Amino acid sequence: MSNLTETIEVVVSAAAGGTNDTRVLRLTRQDGAPLPAYRPGAHVDVYLPNGLVRQYSLCGPNARAPDYRIAVKRSGESRGGSEWLYSRAGDGVRLRIGMPRHAFGVDDTARHHILVAGGIGVTPILSMAYALHASGKSYQFEYFVRSDADIVFRDEILASPLARQTRIHPALAPDAVRERIVDLLAASQAHSHLYVCGPPALMQTTAELARGVLGNANVHMEAFGPSVPVAAGERRFAVMLGTDGKAVEVPPDKSVLACLRDAGHVIESSCEVGVCGTCMMRVIEGEPDHRDSYLTEDERMEGTHFIPCVSRSKSPVLVLASDA
Ligand code: FES
């Protein structure tokens, strides 16, 4: 797991429009030294002056560049994070970021890579496409957007060597998106891996279809929001910290994290939408119902870790430890 505590002071060295509601920021170290290299698909925590912490994928064309590039989409549902960065993080603004985290990235054993992006989900996918291209690997890049106006990095992609492997799909209805995914999976080569990042509906559809064709282990996804929203009709369960801990009730409309805090437990958190891993706990007993976007498929199957800000329990009682 990544170092969760080390941070770097950076300055916004360039801020430019991406689309009508997206802003592209270049981050440079305040002391002028190069920023750490990262693996394509990585993201960083961005610590905002208003106290919020948000996660952004590093989307530059070169993972060894001395600076980082992120793209910020202004969200109608912003709780103050993307809105602040979109409207206030102009040239010269100082920020603090975490070290790159690598919860998503290309599998070097794949013979072919299918990259699927939706909207702003293009950010980790773009850096992966650049890396695959640079290393001469076989890949295709499928980019779904609501409209032509929502194509982030449009000119850059079309002018780059990625253009030949890229298909941009504007304004497709959900059924047409599904058909396109079915078609590309039907044409997929043996030992292909698929990677998807974008809105929950696209990710869910793509991952379900892809797992049926490629197998669980060959499907990789990253979301910057809860991968499965808390639905109406959730069941009540109990959590305990340690086998001799006191049972804490978790009602359908409240997270495990909130319930444990209400019961007096101190648990560190950051994103609180299941993407950063800061709140991760260890499972001692019980069967987690994973709703996060942080654990890998293998880690979920192992069932030894749990993300309490979004995940729930399939068993009536879940026994956890805070020393993950
Ligand atoms: S606080 Fe980020 S995953 Fe829970």
Side-chain angles (χ1 to χ4, degrees), residues 1-7 38 41-48 50-58 70 72-73 75 77-82 84-85 95-105 120-121 123-124 197 200 203-204 220-230 234 237 239 241 248 250-251 253-284 286 288-313 318-324:
M1 300 285 168
S2 311
N3 183 334
L4 298 178
T5 55
E6 194 175 343
T7 60
Y38 58 92
H43 71 268
V44 291
D45 287 340
V46 178
Y47 296 80
L48 305 179
N50 61 9
L52 295 173
V53 185
R54 292 292 178 261
Q55 289 69 42
Y56 289 93
S57 293
L58 300 174
I70 62 172
V72 179
K73 182 177 168 66
S75 165
E77 294 160 11
S78 173
R79 291 176 289 154
S82 63
W84 192 95
L85 274 171
L95 297 167
R96 198 158 49 85
I97 61 172
M99 297 294 284
R101 295 186 182 192
H102 300 100
F104 187 54
I120 193 65
T123 50
C197 184
M203 298 208 359
Q204 203 163 329
H220 314 268
M221 52 202 289
E222 174 154 275
F224 287 125
S227 57
V228 183
V230 175
E234 289 287 10
F237 58 96
V239 287
L241 268 195
V248 175
V250 182
D253 59 347
K254 224 167 157 185
S255 71
V256 172
L257 179 69
C259 293
L260 287 172
R261 282 180 172 161
D262 285 354
H265 299 291
V266 176
I267 297 162
E268 195 188 344
S269 71
S270 171
C271 69
E272 300 199 2
V273 291
V275 299
C276 73
T278 306
C279 65
M280 187 165 67
M281 304 180 84
R282 187 163 58 80
V283 177
I284 298 174
D289 180 359
H290 298 292
R291 309 285 180 91
D292 63 280
S293 307
Y294 179 78
L295 297 176
T296 63
E297 272 308 310
D298 286 348
E299 288 168 336
R300 285 166 183 243
M301 304 239 285
E302 279 169 23
T304 53
H305 288 85
F306 180 77
I307 302 292
C309 63
V310 291
S311 292
R312 300 187 68 80
S313 180
L318 197 57
V319 184
L320 301 169
S322 53
D323 60 347

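Start at 1 with the first residue, then count along the sequence. The structure displayed is predicted, hence computed values, not measured ones. First listed ligand is number 1; within each ligand, the first listed atom is number 1.
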> So do the side chains of Arg291 and Ile307 get within less than 4.5 Å of each other, counting heavy atoms only?
Replying inline: no

> Is any side-chain heavy atom of Ser311 closer than 4.5 Å to a side-chain heavy atom of Asp289?
Replying inline: no

Ligand-residue contact atoms, ligand 1 with [X], heavy atoms, under 4.0 Å:
X: Ile307; value: 3 (S), 4 (Fe)
X: Gly274; value: 3 (S)
X: Cys309; value: 1 (S), 3 (S), 4 (Fe)

>> Give me the residue, atom name and distance of the protein heavy atom closest to atom 3 (S) of ligand 1.
In response: Gly277 N, 3.2 Å

>> Less than 3.5 Å apart, any donor N or O on the side chain of Arg312 or Ser255 sitting next to an acceptor on the other?
In response: no

>> If the test is side-chain contact (heavy atoms from CB on, under 4.5 Å), which one of Leu320, Leu260, Thr278 qualifies with Ile267?
In response: Leu260

>> Counting only heavy atoms closer than 4.0 Å, does ligand 1 sit against the backbone of Val275, its side chain, both, or neither?
In response: backbone

> Is it true that Arg96 and Asp45 have a side-chain N and a carboxylate O under 4.0 angstrom from each other?
Replying inline: no

